[in-house]
Visitor: 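Here it is, the structure, as structure tokens.
Every value quoted in this text rests on a predicted model; they were computed, and no experiment measured them. Just so it is clear, the values below take in all heavy atoms, side chains as well, and ignore hydrogens, waters and symmetry mates.
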Amino acid sequence: MDIRQFFPWVIEHPSDAPHVQFIIVTVFAFLLVVAFAWKLIPGPMIRGILDERRTAIGHAVDQVESTLRETEQMRNDYRQRLEGIHHETERRLAEAVLEASSLREAILEDAQKASQSIVRRGQDEVERERAKVVQSMRTKFVEDAIHAAEYAAARSLDPSAQRRLLQEFVQNVGVKS
């Protein structure tokens with residue numbers, strides 16, 4: 001098989017050179033042309049694009065790291081705030097419990113004072129009513145005794161005996177009450 005058949009315009013094979021040596025030289029020359037073409041023609045264009053891409057990726061990485069740092073800082077801030085809120089809530093609950101306890105004590109004390117006042121007023125009212133009843137009974141008793149004495153004296157005694165009996169009765173009533 002003859003190689004010139006496939007590449008007649010590119011490959012000129014000298015008749016005295018072996019095929020392997022010709023292929024190695026051809027491949028080396030091809031690689032040299034490709035490297036030269038890569039270096040001069042698309043290299044600067046591709047390198048610029050790659051540099052831009054590398055810079056964009058670097059900026060993206062910096063932004064991601066910055067965002068991660070900010071997120072970490074925000075998370076720490078929120079954690080501290082939550083702990084502060086937790087402590088503030090506990091403090092306020094403790095204050096509310098103390099305030100409720102003091103209010104309870106004050107309400108119980110006021111209720112006790114009010115009940116004592118009501119009991120005292122009731123006792124005073126009972127004493128006044130009792131005194132009125134005792135006074136009323138004494139007056140009624142004295143009136144009844146006077147009427148009875150008048151009735152008995154008018155029927156059986158003379159005026160001096162009536163006075164003596166009346167004085168004895170008054171003295172006995174005064175001693176009993």
Visitor: Below 4.0 angstrom, N of the basic side chain to O of the carboxylate: do Glu72 and Arg69 qualify?
Guide: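 The answer is no: the pair does not qualify as a salt bridge.
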Visitor: What pairs with Arg91 under salt bridge (charged side-chain N to carboxylate O under 4.0 Å, His left out), at least two apart in sequence or on another chain?
Guide: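 Partners of Arg91 by the salt bridge (charged side-chain N to carboxylate O under 4.0 Å, His left out) criterion, ordered by chain and then number, come out as Glu88, Glu95.
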Visitor: Would you give the length of the straight line joining atom CG of Leu68 to atom CD of Glu65, rounded to the nearest 0.5 angstrom?
Guide: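 These two atoms lie 7.5 Å from each other.
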Visitor: Output, in order, the C-alpha distance, side-chain angles, deciding distance and verdict of salt bridge (Lys or Arg N to Asp or Glu O under 4.0 Å) for Glu83 and Arg79.
Guide: CA-CA 6 Å; Glu83 288 175 7; Arg79 185 175 289 146; 5.5 Å; no
Visitor: Can you measure from CZ (Arg120) to CD (Glu127) and round to the nearest 0.5 angstrom?
Guide: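 CD of Glu127 is found 14.5 Å from CZ of Arg120.
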Visitor: By the rule that ILVMFWY residues connect when side-chain heavy atoms come within less than 4.5 angstrom, directly or transitively, which residues belong alongside Val134?
Guide: none
Visitor: Is there a side-chain contact between Gln112 and Leu108 (heavy atoms, below 4.5 Å)?
Guide: no
Visitor: Can you pull the ring pair (Phe, Tyr, Trp, His ring centres under 6.0 Å) pairs that have at least one residue in residues 91-141, sequence neighbours excluded?
Guide: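 Non-adjacent pairs meeting ring pair (Phe, Tyr, Trp, His ring centres under 6.0 Å): Phe141-Phe169.
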Visitor: I'd like to know if the side chain of Thr89 reaches the main chain of Ile85, judged simply by a donor and an acceptor atom lying under 3.5 Å from each other, with no hydrogens or angles considered.
Guide: yes
Visitor: Spell out, as yes or no, whether a donor-acceptor pair under 3.5 Å connects the side chain of Ser66 to the backbone of Asp62.
Guide: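 Answer holds: no.
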Visitor: Would you tell me whether Glu143 and His147 have side-chain atoms, one donor and one acceptor, within less than 3.5 Å of each other?
Guide: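 Result is no, nothing qualifies.
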Visitor: For Asp77, run the side-chain hydrogen bond (donor to acceptor under 3.5 Å, both in side chains) check against Gln73, Arg81, Arg75 and tell me which one passes.
Guide: Gln73
Visitor: Report the residues that fulfil salt bridge (charged side-chain N to carboxylate O under 4.0 Å, His left out) with Glu125, sequence neighbours left out, ordered by chain and then residue number.
Guide: Arg128
Visitor: Can a donor-acceptor pair be found, under 3.5 Å and without considering hydrogens, that links the side chain of Thr71 to the backbone of Thr67?
Guide: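 Side chain of Thr71 to backbone of Thr67: a pair is present.
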Visitor: So, do Met137 and Lys140 sit near enough that their side-chain heavy atoms are less than 4.5 Å apart?
Guide: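 When only atoms from C-beta onward are counted, Lys140 and Met137 do not touch, as no gap falls below 4.5 Å.
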Visitor: Under 3.5 Å, sequence neighbours excluded: what are the donor-acceptor pairs made by side chains of residues 50-60?
Guide:
unit_1	atom_1	unit_2	atom_2	d
Asp51	OD1	Arg54	NH1	2.7
Thr55	OG1	Asp51	O	2.8

Visitor: By salt bridge (charged side-chain N to carboxylate O under 4.0 Å, His left out), which residues pair with Glu105, not counting sequence neighbours?
Guide: none
